Amino acid sequence: MMAAPSYIPPTDGIGNPPSEVWASAPSLEALAACIQGCLACPLGPGRFRLVFGEGDPKARLMFIGEGPGKEEDQQGRPFVGKAGELLDKMIGGIGFKRDQVYIANVVKCRPPDNRTPTPQESQTCLGYLKRQIELIDPGVIVTLGATPLRELLGIQTGITKARGSWQRLELHRPIPVMPTFHPAYVLRQYTQEVRGAVWADLKAARAWLEEHP
Ligand code: SF4
């Protein structure tokens, strides 16, 4: 087997790993290694840790959020704060453990003050996420909130309208996508209606997986 091409992080200001390297990374480990020094968008210099994503590298169920918050930036792991605790409960509610799914974000570096990543930042980072999805090859993706829906699928409709309706991500193959609310939103709007909507979306994702073993 050919050795994976190696990448040396840039040392001269804003830089970007060569696309021919990350786009053909043969494994998640190789992809993570090749983008560790990324400074391709304005979020790079402000991060403490790049948050690549984590979980079962062959997960059938993948969750995609917006970007790392403060605790995620400190720990280098996605969804570890209060929203992460709720996501763990959501995952458990449909019969999975956290390490049986894969969790990632649209951007891998923390936006300052937890603001929404700009379209330019998101689009700059998106190639890494797409390669990550190709390597994991999940059966179903659940997107969390408006940002992954907009940036990954180009759907501008607000999440309140878009959630609960199946979408399709055209990548190496078509992948069904179930949009639902971001756990941080659920914590802010902890109503029966919002929680019921998320529960319905997650059950739909689980049912799809059960019907397509
Ligand atoms: S957010 Fe993505 S594109 Fe921007 S610096 Fe971090 S890894 Fe690179």
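Atoms within each ligand, like the ligands themselves, are counted from 1 in listed order. On a predicted model such as this, the values are computed, not experimentally measured, just so you know.
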Look at [X] together with [Y] and state whether they make a salt bridge at an N to O cut-off of under 4.0 Å.
{"X": "Arg115", "Y": "Glu121", "value": "yes"}
{"X": "Arg47", "Y": "Asp73", "value": "no"}
{"X": "Glu54", "Y": "Arg98", "value": "yes"}

Checking a contact table here: which protein heavy atom is nearest [atom], and how many Å away?
{"atom": "atom 2 (Fe) of ligand 1", "value": "Cys125 SG, 2.3 Å"}
{"atom": "atom 4 (Fe) of ligand 1", "value": "Cys41 SG, 2.4 Å"}
{"atom": "atom 8 (Fe) of ligand 1", "value": "Cys38 SG, 2.3 Å"}
{"atom": "atom 6 (Fe) of ligand 1", "value": "Cys109 SG, 2.3 Å"}

Gap separating the CZ atom of Phe63 from the CZ atom of Phe96, nearest 0.5 angstrom: 8.0 Å
Any side-chain donor near an acceptor of the partner, Lys108 and Gln132, under 3.5 Å: yes
Trace of the salt bridge (charged side-chain N to carboxylate O under 4.0 Å, His left out) decision for Glu71 with Lys82: CA-CA 9 Å; Glu71 289 178 61; Lys82 286 206 160 44; over 6 Å; no
Close-contact set for ligand 1 against [X] heavy atoms, below 4.0 Å:
{"X": "Gly44", "result": "5 (S)"}
{"X": "Leu50", "result": "7 (S)"}
{"X": "Arg47", "result": "5 (S), 6 (Fe)"}

